[in-house]
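Every number for a ligand or one of its atoms is a count from 1 in the order of the listing.
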Amino acid sequence: MSTPVPVCLADYEALAQGVLGVPEAAYLFGGAADEITLRANRTAFDEMALVPRVLRDLRGGNTAVTLFGDRYSVPILVAPLAYQKLFHPAGEIATAQAAAAMETGFVLSTLASTSIEAAAGAGEGAPQWFQLYLQPERAQTLHLLRRAEAAGYRAIVVTVDAPINGLRNREMRTGFRLPDGIRAVNLGPTSGPMMPMHGDPIFDRLLASAPRTADIAWLRQNTKLPILIKGILHADDAEDALALGVDGVIVSNHGGRTLDTAIPGVLTLEAVARKVAGRVPVLLDGGIRRGTDIVKALALGASAVLVGRPVAAALAVGGAQSAAHALRLLAEECAAAMALCGLRTPDMITRAAVITATARPLP
Ligand SMILES: Cc1cc2nc3c(=O)[nH]c(=O)nc-3n(C[C@H](O)[C@H](O)[C@H](O)COP(=O)(O)O)c2cc1C
């Protein structure tokens, strides 16, 4: 029997379930608690309708966008995903190669299982971004930042929505743990949080090194690279981030992996984008599986989207080649959706392209 050829990202996700071990699949595909947010990230897109337009001259159209001076052939970036060697021995090297080949963006996680320098090398001069988790000691954070700058990363993505681990029950039931030999190689062996001994276990101990306003202000003073804040779901938080001098915001609920029942990013995107009012780019992730999702996100104010689990799923199925193929499928779907909506370029995508099914109060 021949292996079915994947024709969309869902096919890769289904195939990966058969390739990965049960704990690894639970780690990749799971979300927090009852996975209500994980599912809602998808249904939010499905409940929105695109508005096709006809008879327009679309010759010369393309899907390319420019972010911080760099060109991307489609408004897609590979989201930062920890420990990619769990999914394929080539790990982040393969994903970086795939992104470079498809001219999409690529964001390397602080918790990568590949060194900052090796992942940069695999990107073949393509623009890559580094996702930064603030470390317990500022000297450790600065060390990561300097390595990312030296390796040529083009922007710093500071993730602020996961100060404590989400309770991912699906993963916990499988007893998932990192296998020997796979670890966050860019962090020193002693860089676990230094927890104070007293106080409330969550508010005083686990959150002792959670990112705060002053940390972002400090970071701003310490790098000239564009800084994006990842994990924004409220327009006022976006405004606060802008006041600190950041260069972009990523609307995200961490793929439904932290706070279950949190609002899907795409439902708050419009409010955030309205508040930001074009001052900096707004990006979105969570549940992007189709080119139509990308058009919807851009219609609601995003400049680009990030894609997480499906890229790792394709990586598991067939390494760099499959990851590139998955990105190609998404890029082709994006072009087709734009064309059928009569949109020649991403900057022609306006609010009129999408109808949201339910009117909700915007936060
Ligand atoms: C297995 C896995 C690992 C992740 N690791 C990180 C990480 O290290 N840093 C981070 O900022 N986000 C991390 N995320 C969140 C993603 O960057 C992204 O927000 C999310 O996956 C987008 O949703 P999607 O998977 O539905 O596309 C991770 C997500 C998954 C599924």
Taking only heavy atoms of [X], which atoms of ligand 1 are found under 4.0 Å from at least one of them?
{"X": "Q131", "result": "7 (C), 8 (O), 9 (N), 10 (C), 11 (O)"}
{"X": "G308", "result": "21 (O), 24 (P), 25 (O), 27 (O)"}
{"X": "L28", "result": "1 (C), 31 (C)"}
{"X": "T159", "result": "10 (C), 11 (O)"}
{"X": "S252", "result": "19 (O)"}

Is any N or O atom of [X], backbone or side chain, closer than 3.5 Å to an N or O atom of ligand 1?
{"X": "A82", "answer": "yes"}
{"X": "G287", "answer": "yes"}
{"X": "R289", "answer": "yes"}
{"X": "R257", "answer": "no"}

Exercise. What's the verdict on salt bridge (charged side-chain N to carboxylate O under 4.0 Å, His left out) for E270 and K275, showing C-alpha distance, side-chain angles and the deciding distance?
Worked result: CA-CA 9 Å; E270 189 175 15; K275 188 81 151 197; over 6 Å; no
For [atom], what's the nearest protein heavy-atom neighbour? Residue, atom name and distance, please.
{"atom": "atom 13 (C) of ligand 1", "result": "P80 O, 3.0 Å"}
{"atom": "atom 8 (O) of ligand 1", "result": "S109 OG, 2.7 Å"}
{"atom": "atom 18 (C) of ligand 1", "result": "D285 OD2, 3.2 Å"}
{"atom": "atom 12 (N) of ligand 1", "result": "K230 NZ, 3.0 Å"}

For this session: Tell me, with the steps shown, if R289 and E13 meet salt bridge (charged side-chain N to carboxylate O under 4.0 Å, His left out).
Result: CA-CA 10 Å; R289 300 293 179 270; E13 294 195 298; 3.5 Å; yes
Problem set entry | Heavy-atom pair of closest approach, residues E117 and A151 | CA-CB, 4.4 Å
Check for me whether [X] has a heavy atom closer than 4.0 Å to any atom of ligand 1.
{"X": "Y133", "value": "yes"}
{"X": "R42", "value": "no"}
{"X": "L81", "value": "yes"}

Problem set entry | Chi angles and distances behind the side-chain hydrogen bond (donor to acceptor under 3.5 Å, both in side chains) call for N253, T37 | CA-CA 8 Å; N253 59 26; T37 293; 5.1 Å; no
For this session: Scan side-chain atoms only and decide if D161 and T258 contain a donor-acceptor pair under the 3.5 Å cut-off.
Result: no
Problem set entry | Ion pair check, R279 and E239, cut-off under 4.0 Å | yes
Exercise. How far does CG of D247 sit from CG of L225, to the nearest 0.5 angstrom?
Worked result: 9.5 Å
For this session: Start with the C-alpha gap between T114 and Q84, add the side-chain angles, then the distance that decides, and say whether side-chain hydrogen bond (donor to acceptor under 3.5 Å, both in side chains) holds.
Result: CA-CA 8 Å; T114 300; Q84 293 181 24; over 6 Å; no
Problem set entry | Exam field: side chain R42 to backbone G287, donor-acceptor pair closer than 3.5 Å | yes
